[in-house]
Novice: 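Right, I'll just put the structure down here and ask away after.
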Amino acid sequence: KTVIDCSGDGDVAFRAGVECNKGDEKGRMQPPTLMFSMRGVTVTDAQTGEHIWSDLSIRCEAGTSYGVLVDAHDARRHDTLVALMAGFAHPDEGSVLTKSTPLPDLTPLELRGHRIGVLLQQFALRGDLSAAANLEYAMDASNRNYLKPIAVLAQELLTRVGFAPSGDDNATQAERSRALVRTLGAVDRARVMVARAIATDPDIVLADEPTATLDEADTADILDLLRAQVHGESKRRTVIVVTTDPHVAAAMDETIDLTH
């Protein structure tokens, strides 16, 4: 378990985020695969000139989950960080990259359809669609080619994340998956959000406060589920959870502390 304090000099913080090289099956050392990084990122409030973030540098490797701890009393910094990581906003200085590509260099389709699966508390799901339809909607919008029909893949994804809303015990998975999202309980919505985030098989899963509405037991289940997503069917992913809760951050493989 590693805790990285990124409150100091940006370059030092960037170097601190490098994980140790891992050996392959023959014991040869392999360099870690850099999947996501922020390098010298500065964001300035346009009205006040105040730095919201200054010289922020972090890096995240493939096959690792990260809990990014932010100050619970500074929603502006929290929201700005999530927007930067997701590519919804861009820094005034520095760069945000996936692998070696700056996020602004990617089209929205490349970014959202291939690189980053985002799990947000608001607007993560369409309440007027069923659980399965939410996944099909995301896959269809990605313009990716799938080896199976997306309706079949949606059912497989829901099964993989343990989606099983309460109701008729004799109902099939397909029948349960037709329940509208707005009728689901909090933990079932959270499972559908995870499924939707990985529906396009992204390199990175970015989750903002994914357990904010859950009790302790359900929180543990969803954090276990998120941590498991570092091992995709065809790749090693990076999972990043942004949170104000130290316990949630500590549940990931590594913690990046941005509270100081």
Novice: Would you please name every residue forming a side chain to side chain donor-acceptor pair (under 3.5 Å) with Arg189, sequence neighbours left out?
Specialist: none
Novice: Could you verify whether a donor N or O on one side chain and an acceptor N or O on the other, from Arg196 and Asn134, lie under 3.5 Å apart?
Specialist: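 Per modelled atom types, Arg196 and Asn134 side chains form a pair under 3.5 Å.
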Novice: Mind checking what makes side chain to side chain donor-acceptor pair (under 3.5 Å) contact with Thr107, not counting sequence neighbours?
Specialist: Glu110
Novice: May I ask you to decide if Arg144's main-chain N or O and Ser142's side chain share a donor-acceptor pair within less than 3.5 Å?
Specialist: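 Checking the backbone N and O of Arg144 against the side chain of Ser142, a donor-acceptor pair under 3.5 Å is found.
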Novice: Starting from Val152 and following side-chain heavy-atom contacts under 4.5 Å between hydrophobic residues (I, L, V, M, F, W, Y), which residues can be reached?
Specialist: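 Via sub-4.5 Å side-chain contacts, Val152 links to none.
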Novice: Grouping I, L, V, M, F, W and Y whenever their side-chain heavy atoms are under 4.5 Å apart, do Met38 and Trp53 come out in a common cluster?
Specialist: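 In one cluster with Met38: Trp53, yes.
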Novice: Applying side chain to side chain donor-acceptor pair (under 3.5 Å), can you list everything that pairs with Asn145, at least two apart in sequence or on another chain?
Specialist: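 Residues passing side chain to side chain donor-acceptor pair (under 3.5 Å) with Asn145: none at all.
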Novice: Any donor-acceptor pair under 3.5 Å linking the side chain of Arg237 with the backbone of Pro202?
Specialist: yes
Novice: Any donor and acceptor pair, going by atom type alone, linking the side chain of Thr183 with main-chain N or O of Ala179 inside 3.5 Å?
Specialist: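 Answer holds: no.
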Novice: Residues two or more places apart in sequence or in another chain: which of them pass side chain to side chain contact (heavy atoms under 4.5 Å, CB included) with Ala190?
Specialist: Met193, Leu214, Ile222
Novice: Once side chain to side chain contact (heavy atoms under 4.5 Å, CB included) is applied, do any residues pair with Arg112, and if so which ones, sequence neighbours excluded?
Specialist: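 Listed in chain order: Phe88, Ile116, Val118.
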Novice: Within the 4.5 Å heavy-atom criterion, are Val230 and Thr238 side-chain neighbours or not?
Specialist: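 With C-beta onward as the side chain, the pair stays apart.
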Novice: Tyr137: which other cluster members, linking ILVMFWY side chains closer than 4.5 Å, directly or transitively?
Specialist: Leu129
Novice: Taking side chain to side chain contact (heavy atoms under 4.5 Å, CB included) as the definition, give me every residue that meets it alongside Ser130, ordered by chain and number, with sequence neighbours left out.
Specialist: Ala132, Ala133
Novice: With Ala195, which residues qualify under side chain to side chain contact (heavy atoms under 4.5 Å, CB included), at least two apart?
Specialist: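 Scan of Ala195 (side chain to side chain contact (heavy atoms under 4.5 Å, CB included), adjacent residues dropped) gives Leu135, Leu157, Leu158, Val161.
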Novice: Among residues at least two apart in sequence or on other chains, which ones pass side chain to side chain donor-acceptor pair (under 3.5 Å) with Asp203?
Specialist: Lys235
Novice: If you look only at distance, which donor and acceptor atoms sit under 3.5 Å apart when one is on a side chain in residues 72-84 and the other is two or more places apart or in another chain?
Specialist:
unit_1 : atom_1 : unit_2 : atom_2 : d
Asp74  : OD1    : Arg76  : N      : 3.4
Asp74  : OD1    : Arg77  : N      : 3.2
Arg76  : NH1    : Asp45  : OD2    : 2.8
Arg76  : NH2    : Glu50  : OE1    : 3.0
Arg76  : NH2    : Glu50  : OE2    : 3.2
Arg77  : NH1    : Ile52  : O      : 2.6
His78  : NE2    : Asp208 : OD1    : 2.7
Thr80  : OG1    : Arg76  : O      : 2.7

Novice: Side-chain donor-acceptor pairs under 3.5 Å in residues 242-250, sequence neighbours left out?
Specialist:
unit_1 : atom_1 : unit_2 : atom_2 : d
Thr243 : OG1    : Glu209 : OE1    : 2.9
Thr243 : OG1    : Asp245 : N      : 2.9
Thr244 : OG1    : Glu209 : OE2    : 3.0
Asp245 : OD1    : His247 : N      : 2.8

Novice: For the pair Ser54 (side chain) and His51 (backbone), establish whether a donor and an acceptor sit closer than 3.5 Å, ignoring hydrogens and angles.
Specialist: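 Answer holds: no.
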Novice: Side chains of Ser177 and Gln155: is there a donor and an acceptor less than 3.5 Å apart?
Specialist: yes
Novice: What I want to check is whether the side chains of Ser65 and Asp253 have a donor and an acceptor closer together than 3.5 Å.
Specialist: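 Short answer, yes.
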Novice: Might you point out which heavy atoms bring Ala131 and Phe163 nearest each other, and give the distance in Å?
Specialist: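 Closest heavy-atom pair between Ala131 and Phe163: CB-CZ, 3.8 Å.
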